[in-house]
Amino acid sequence: MSQNAVSSMALPLSQSQAEKLSQLSAELDPLQLAWTSGYLAAKAELPAQSRLPQTDSASVMTILYGSQTGNGRMIAQTLANLATAKGYSVNLQSMADYKPKQLTKETLVTFVVSTHGEGEAPDDAIELHQYLASKRAAKLDKLQFSVLALGDSSYEFFCQMGKDFEQRLIALGAKPILERVDCDVDYQQDVAAWQQALLTQADAILQSSGDSGSVVPFQQATNSQYDKFNPYQAEVIVSQKITGRDSDRSISHVELDLADSGISYQAGDALGVWFENSTALVDEILTGLQLDGNTDIELAGKTQTLQQLLLQHKELTQLSPKLIEQWAQASQAAPLLALIDDKPALRQFMLQHQLADLVAHYPISVTAEQLVSWLRDLTPRLYSIASSQQEVEDEVHLTVALVADEHQGELRYGGASSYLSQVTEGQNIKVYVEPNHHFRLPENPDTPVIMIGPGTGVAPFRSFMQQRSALGHGGDNWLFFGNPHFEQDFLYQTEWQQWLKQGVLTQLDLAFSRDQAEKIYVQHRLQQRAKQVWQWLERGAHLYICGDANRMAKDVEQALINIAMQQGGLDEAAAEQYWQDLRSNKRYQKDVY
Amino acid sequence: MSEQKLAVNEYLKTDSDYLRGSIQQGLDTQVTGAFSDGDQQLIKFHGFYQQDDRDLRLERKAQKLEPLYSFMLRARVPGGICSPQQWLAVDEIASSLTSSNSIRLTTRQTFQYHGIPKRNLKTLIQGLDRQALDSIAACGDVNRNVMCNPNPHVSVLHQQAYDWAKKLSDELLPHTAAYAEIWLDKEKLLSVEDEVEPVYGNTYLPRKFKMAVAVPPDNDVDVYTNDLGFIAVAEAGELIGFNVVAGGGMGSTHGDVNTFPRLADELGFIAAQDCVEFAKAVMTVQRDWGNRVDRKRARLKYTIVDHGLAEFSAEVQQRSGIQLQAWRDVVIGDRGDRYGWVEGENKQWHLTLFIESGRVKDTAQGMLQTGLREIAKIHQGDFRMTANQNMIIANVDAADKAQIEQIAREHGLLRAELSATRGHSIACVALPTCSLAMAEAERYFPHFIDQVDALQQKHGISEQAIVVRITGCPNGCARPFAAEIGLVGKAPGKYNFYLGASYEGTRLNKMYRENVDEAVILTELDQLFGQYAAQGLADETFGNFTVRTGIVNAVTDAAKDFHG
């Protein structure tokens, strides 16, 4: 769109507004443009937010998302904005909030669903996923649908949830209007194409109302102008290591000033952080590949130096299958070639290596342009917020563990964590709030809560405690925390002691795994307290897990099932159902990664 | 007249259920590495103190971590004698259960551990128990570890003196079963009503109580600095009894002239077999007469000053039914240890090793801990910890001498050069673990002695041993007020500087300069050594020289002349 076009079209805008719009639109890539159009359309609708679609279901596009990290939710939101702009009425919901029986009344439903770990559903999709496979599931002859699957191709069960949803919907008689799209970590182009195709197809199915449509907005959407693609530049006001000097781990407490940004968040939300790669790492890669950092590269209409691109825009600390495949072909290195068709081995390799290791161990000759084309775009990382605005007002606090892995004598750092561990007070970093509606304190201030958060998983529970303490909420609070060493790794020790003393924290159980011969973890403490945990649950307690998804959360879940079996006299299936029911009632929530 | 409010500790003791307090709950609490304030007083009776790494206080506060709490546990080893098997266990415990990875030999002939996390206390005490070692009453308001000159070369007399020291320790041990219950998981056998402390009662003593047995001419135990001292009197190499001294003690408070260090008064002679009953009487008089309102004036020395020696002595004789006889002539000679090999009367050999500040640790300077462990693995005799923080490998067959000496040499346990002064000097632990310390002591000691050595060399007086003692505070663990050169910490890098004690430990020193730094101290010493080299009489010790020439006045009655 040329600048002239804007000024001639944009009669309601002042000259300077029109200029700003032109300037902005020139900077945006196609996806960003699409998103912005939806965003502005939704913005224009704000006063009518509470209005539900007036039209009957035949003209409503229902968009359901199952999302763990917020990407799915964001894609669903963008689609809703685009659809609304086109004049459709949209019903946008988390799968967790949607009544499955309702599907029989729908005309067109879009499913955006992510896959985690070894083919697992995000928490908010579990119930719908189970329903579709159950005998209770009703025929869906009249339903047309589309599935957008999100995943990580380095896992064996890539986009498994999307495949499951599609397969089950077809089995129930529903008809896909598009081929399923499986998106990898760098999903932006695929998503943009899918959204366009979907909206084109939708024309034939839904009647557009002609005017701009309506969208059922998110509950409690942040009312800030800042989000993933328009992050806020927050000033670092505190950056403090909070593990002791003899700790094996480097964990930092970072406080950011939101100042007058208007950004608000709730206990349980995450903060998205855009980071830059370290100059040392970029130098190592450039030197290793004998590339000149000053080489100009043109990408998406912009020219930048290779160094700039690697520092700010390209993913260097997480490998992708595509990159490994390219590298394998270029180097013809047998160990890499062997990975291409062996997903478990590939996954393992990716966990233990970075681009810099490829550069060091499998030398290739590559041009700057090739390298850039192989690399994914940098994506922001999400951190569970460790503060409550009821306590800290215009600040947001994070608990950041420096990811440092030694492999073959090389120490490699996580991209965002090394960036955040090295930020200095006064520096600005780009952030946005990623709401997590599925990790919330109970509405009733007197409801007891059990919080299981070893390691940095303790972060949201600090926000919970700040919130309950600041608001004077009287419900009992019980924390299970663990880490390797009591003296070195007891995150926020003095704060927990204070809350205990004040009676805000009712009970604190600790598992320091390396302080004795046998390893003790939070699941062991849970098991030891089984009777009391059950009593709390009988009293209506909400239970939360935050932290490592792969090992801790699984072990804790097993302990919880055991507790339900032992204390509740349930068999295994009933115990699983017990927790499923608690999950449905929002009494059992997880924030694991 | 309203009843006077007692010192806080008195109520703690009374309410403690014979020293149990809430120690068990404190052990069960995981959220802190500390005990409650009240229990922190009670745990001393069980042999350990709560400490924290003072170097890290501010750093950890910023890290939202509590201070790095740990515990210093002092064992009870009457006379400082332990077997090689015991030493191996002591050594293993230091490596596996403490963060300091070292053993500290103390100025009272025992060893202590630093850096024990709370969760390891029980395991550690059980480990000691398996070797028939314990820490009961190693600290607290009770009779502490009983010292006895280790004198292995005078084997018959030493054995007799040692047997009495051991008996004094055993007889005056608290009777409470709290230690066995809490640490050794022993069933509670008695109800509280049945539990009695025949000597102590349920409030124990007003303050700590220290005892030592000296065997002249050695005074390594610094017998006059004890609450109660027994000086062995022998006839034809056999022990016949003791000269008894009472009312010594080092502890004082900077700036408080009501407090002062004091040397013990000479009471008279008693027969050897009466020593336990006599000691009990001294302790019960102190129990009943001692000051329970002001802990700073609660030691026996103040009881004697306040009541007068005659009244005190009469009361003790009356309670014990033992008449004091006339003081016997004895010669008190030297407070140092005999370094290197000495052959004893029993034809066994004894090797005294200099352990700087008593710190048994593997460092770049020497693998002392490993060396002692290797010796313990082959040694057939015993280990003796000295009052100068040193270690004697005692009772070695002539045939085994070479092997033990080789191990000692390989591990840096035999210093090539040990100055006379360094060999006679000691320091307390102080920073970073001791909560009372105002300045460095152990960590500063090697450097300071280097400077003193250099000055002695400069003035050609290196052959003369000078007793130098450094403490981080005026509590006096390294008996600084009985040193010819005493440095007592006042603030980081600043010390009160004392001169004038006798070499033998029979006269206290006096403050010469207040609150001065190293530069001032060394400048002064440079001048004083110059004068001493030029004007000292033949065989005149440095302490006597400073008094004779009026550099400081002699302290003869500390209550009146230590201050001012």
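Within every chain, numbering begins at 1; the chains are lettered A, B, ... in the order of the sequence lines, protein sequences first and strands thereafter. In this text the structure is predicted, and so the values were computed from the model without any measurement.
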Any donor and acceptor pair, going by atom type alone, linking the side chain of Glu66(B) with main-chain N or O of Thr494(A) inside 3.5 Å? no
Where along residues 40-64 of chain B does a heavy atom come under 4.5 Å of chain A, listed by residue number? Leu56(B), Glu59(B), Arg60(B), Ala62(B), Gln63(B), Lys64(B)
Can you tell which part of Leu65(B) gets under 4.5 Å to a heavy atom of chain A, answering side chain, backbone, both or neither? both
Taking Gln488(A), Arg245(A), Lys241(A) one by one, which has the highest count of heavy-atom pairs under 4.5 Å against chain B? Arg245(A)
Contact origin within Leu508(A) toward chain B - heavy atom pairs under 4.5 Å: side chain
Side chains of Gln30(B) and Arg525(A): closer than 4.5 Å at any heavy-atom pair? yes
Over 12 foreign heavy atoms within 6.0 Å of CZ, Arg249(A): no
Pick one of side chain, backbone, both or neither for Asp246(A), based on which atoms fall under 4.5 Å of a heavy atom in chain B. neither
So what's closer than 4.5 Å to chain B heavy atoms on Ser252(A): side chain, backbone, both or neither? neither
Does atom CZ (Arg539(A)) have a neighbourhood of more than 12 heavy atoms from anything else shown, all under 6.0 Å? yes
Please flag which part of Leu500(A) lies under 4.5 Å from any non-hydrogen atom of chain B: side chain, backbone, both or neither. side chain
Taking the side chain as every heavy atom from C-beta outward, state whether Phe490(A) and Val31(B) have any pair of such atoms under 4.5 Å apart. yes
Interatomic distance, Phe486(A) atom CZ to Thr32(B) atom OG1 [nearest 0.5 angstrom]: 5.5 Å
Rounding to 0.5 Å, atoms CD (Gln516(A)) and CZ (Arg119(B)) come to a distance of 7.5 Å
How long is the straight-line distance from OG of Ser99(B) back to CD of Glu487(A), given to the nearest 0.5 Å? 7.5 Å
